[in-house]
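All values reported here derive from a predicted model rather than from experimental measurement.
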Amino acid sequence: MKKSTVLQCLVYLSQVLAVLSQGTDEALDLQVLCRQCKGQGSCDVSVPGQCVQYYRCQKVENNWYVEKMNCAHGTHFSEATGGCIQPKDANCPYDPCLNETAGFYKLEGFCRSYWECRLDQNLGRGISEAHCCPVNQTFSKDGKCVDDPSCDNPEECTVLAKDAIVNDVVCPEGKFGVGCRYTCSEHCIGTCDSMNGECSECAVGWMGSKCMEECRYKSVPDNLYLYMEVVADVEVPRGCGLGTIFSQDKCICDKDPNYVRNNECKPDVEIAFESGNQVKNTIDWKWIGGTFRSVSETVNLKDKVYKVGRFDGTSSNLYIPFYNRNTEMRKKFTTEILFNPDNGKGNKQQILLSNCQSVNSRDAPFEISLLKDTQDIQITVEGVPSEVAGAEPPQTYSMTMKYKPDDWNKLEVVFNGEKNLLTARNLDLSGGVISDASTAVNNFLENGLDLRVGWCSNKGYFVGKMAMVRTYLCEPQLSVDVEPAAASSGNSNAAATGNLDTAAGSLEPAAVVADTPVLTELTTVVPV
């Protein structure tokens, strides 16, 4: 291929990628971005249009904080590994050299470093190979390293050992990073990670994985389960996660020492799916009606075997008359649902459990539905501050969390009007946390009608399988087998190992730091 043709192709590619990169931070929904963490407390995800940068999502006190990070010189971010590795192994779809085997390019925001396109004989395609001009020189538009006194950063071209993606150097106390060049926060009173500077404990009044942010949360008088987040001088109520209470000193939702199993709280209904399309309440006489289809399948959960019922998305539904205008449900209500939704089938919104409508309106006082397109569980309640039904207009509270399609999910939802708290978590069969959420709510639910399973007349039918539905008029304080992860610790494996995030609720995207590098000038002239 002629050099002029290569140049034209590469310049065109740079223009395309530059357009893709411009405004990425402004247009990107960081809440959606960080859902790629799939229940983990932190993860690294790719930056659209970029190979040498990635987003680091860190969940702290129920909020996602996002920082844009640079890969080490000479490496590309790999979605497969979640780290920066050699370009030939990373397979970055935005690599300018994928279809080129000659030429050089430079990324905006970098001074000394540049990249060369060359042919990899084993892969049979082009790959990017990094180079670096000497200190006080830059790679010019003419394809040469030329003098530039401003390019005096000796760390720009720091490389990792071949194929290494972690820093295994143990730094002196108070230092971290490649070469131990960086200083830990003065507000870190715990252990500072020598690789990334994340701190196990922050001083009073400070928060964040590195203890660099002043605490913006305030306790709520007479309610340990809530806290106020200060957003632009406005206080927004938030809820702590299961098994936690807010600690002003630590600026996190910490383990509740009084959170124990409540053996006095028993379910009112436990739906069992029997053979021959029969359904029954295993607890007592409370009647259950409706239709479904029995299947020859069972599922094991905590050493108990459940039979499975199939919901076809057109006519399958169950209803529980016991909850029609039940005033006790307005104060406390808990449900556990073991379900396996079909992937991509049925309506966009599918009901798992709902009152369908209140006594006074078409809105459901309590509703759990699946949003098929985003694979979200949406939990919505209509809350009022007064115990007198209809005395005041209800306020709608809603939160979303992820589910796994074509897999078994165990959803636990707790409404407690005494705590002003709506909390939920979705688990896999091993007890690992897929997702969780919580929010502050009013004291009472609006008065509702029959409780429906898998269907509402004005909403979509559920498509998939269920194995168990339990409902309570109390808070059973569901089992918490491990301590919740302290948000300030930066524990990236919190949810993945079954820990509970310390304040799981509405996600607030944070500001993204660092400029996005974009491809600017490319040339086939060999540098000297």
Side-chain angles (χ1 to χ4, degrees), residues 239 242 267-271 288 290 292 309 311 313 316-320 322-323 326 329-330 332-342 346-358 362-383 394 396-405 407-417 421-427 433-439 441 445-446 448-473 475-476 478 504-506:
L242 269 175
D268 301 287
V269 172
E270 180 177 279
I271 296 177
I288 303 168
F292 73 101
F311 287 69
S316 300
N317 72 92
L318 302 175
Y319 56 95
I320 312 172
F322 174 72
Y323 293 102
N326 192 314
M329 182 178 175
R330 301 187 60 224
K332 289 183 182 178
F333 181 72
T334 300
T335 186
E336 301 174 79
I337 306 174
L338 188 58
F339 69 101
N340 187 334
D342 286 2
N347 295 321
K348 291 185 175 181
Q349 182 180 18
Q350 301 177 22
I351 295 297
L352 278 184
L353 189 70
S354 176
N355 297 89
C356 292
Q357 67 183 71
S358 72
R362 295 285 294 172
D363 295 323
F366 184 94
E367 185 167 279
I368 304 172
S369 61
L370 303 183
L371 306 181
K372 181 188 67 176
D373 292 346
T374 58
Q375 296 178 1
D376 282 325
I377 302 169
Q378 179 174 277
I379 305 170
T380 304
V381 300
E382 295 285 315
T396 301
Y397 301 90
S398 182
M399 59 189 190
T400 58
M401 51 198 290
K402 304 306 289 185
Y403 70 85
K404 289 184 177 181
D407 202 352
W408 285 103
N409 300 251
K410 182 179 184 285
L411 177 64
E412 303 171 345
V413 183
V414 180
F415 165 76
N416 190 323
L421 189 63
L422 176 67
T423 309
R425 61 179 182 175
N426 190 29
L427 312 176
V433 178
I434 300 171
S435 59
D436 54 11
S438 64
T439 187
V441 294
L445 293 179
E446 182 65 290
L449 303 180
D450 290 0
L451 199 60
R452 304 271 177 165
V453 179
W455 164 80
C456 275
S457 59
N458 59 334
K459 302 285 178 66
Y461 284 81
F462 170 66
V463 184
K465 294 175 284 189
M466 289 192 193
M468 178 269 291
V469 179
R470 291 196 192 105
T471 54
Y472 309 70
L473 291 176
E475 180 181 350
L478 301 162
S506 303

Y397 side chain to E382 side chain, donor-acceptor N/O pair below 3.5 angstrom: no

Side-chain donor-acceptor pair present, S369, Q349, cut-off under 3.5 Å: yes

With T380 via side-chain contact (heavy atoms from CB on, under 4.5 Å) - residues at least two apart: Q378, T396, S398

Between Y323 and T471: side-chain donor-acceptor atoms closer than 3.5 Å: yes

From K332, E336, E270, residue fulfilling side chain to side chain donor-acceptor pair (under 3.5 Å) relative to Y472: E336

Residues which pass salt bridge (charged side-chain N to carboxylate O under 4.0 Å, His left out) with K372, listed by chain and number, not counting sequence neighbours: none

N/O donor-acceptor pair under 3.5 Å between N409 side chain and K404 backbone: yes

Flag, side chain of S438 to backbone of T423, donor-acceptor distance under 3.5 Å: no

Near-ring test F366/F333, centroid separation under 6.0 angstrom: yes

With sequence neighbours excluded, residues passing ring pair (Phe, Tyr, Trp, His ring centres under 6.0 Å) with F339: none

N426 side chain to I434 backbone, donor-acceptor under 3.5 Å: no

Partners meeting side-chain contact (heavy atoms from CB on, under 4.5 Å) with F415 (sequence neighbours left out): L422, V441, L445

Test: E412 and R425 ion pair at under 4.0 Å: yes

Which residues share a salt bridge (charged side-chain N to carboxylate O under 4.0 Å, His left out) with D268, sequence neighbours left out: none

Side chain to side chain, I377 and I368, heavy atoms closer than 4.5 Å: yes

Option passing side chain to side chain contact (heavy atoms under 4.5 Å, CB included) with E367 (candidates N355, I351, L352, I379): I351

Partners meeting salt bridge (charged side-chain N to carboxylate O under 4.0 Å, His left out) with K465 (sequence neighbours left out): E297

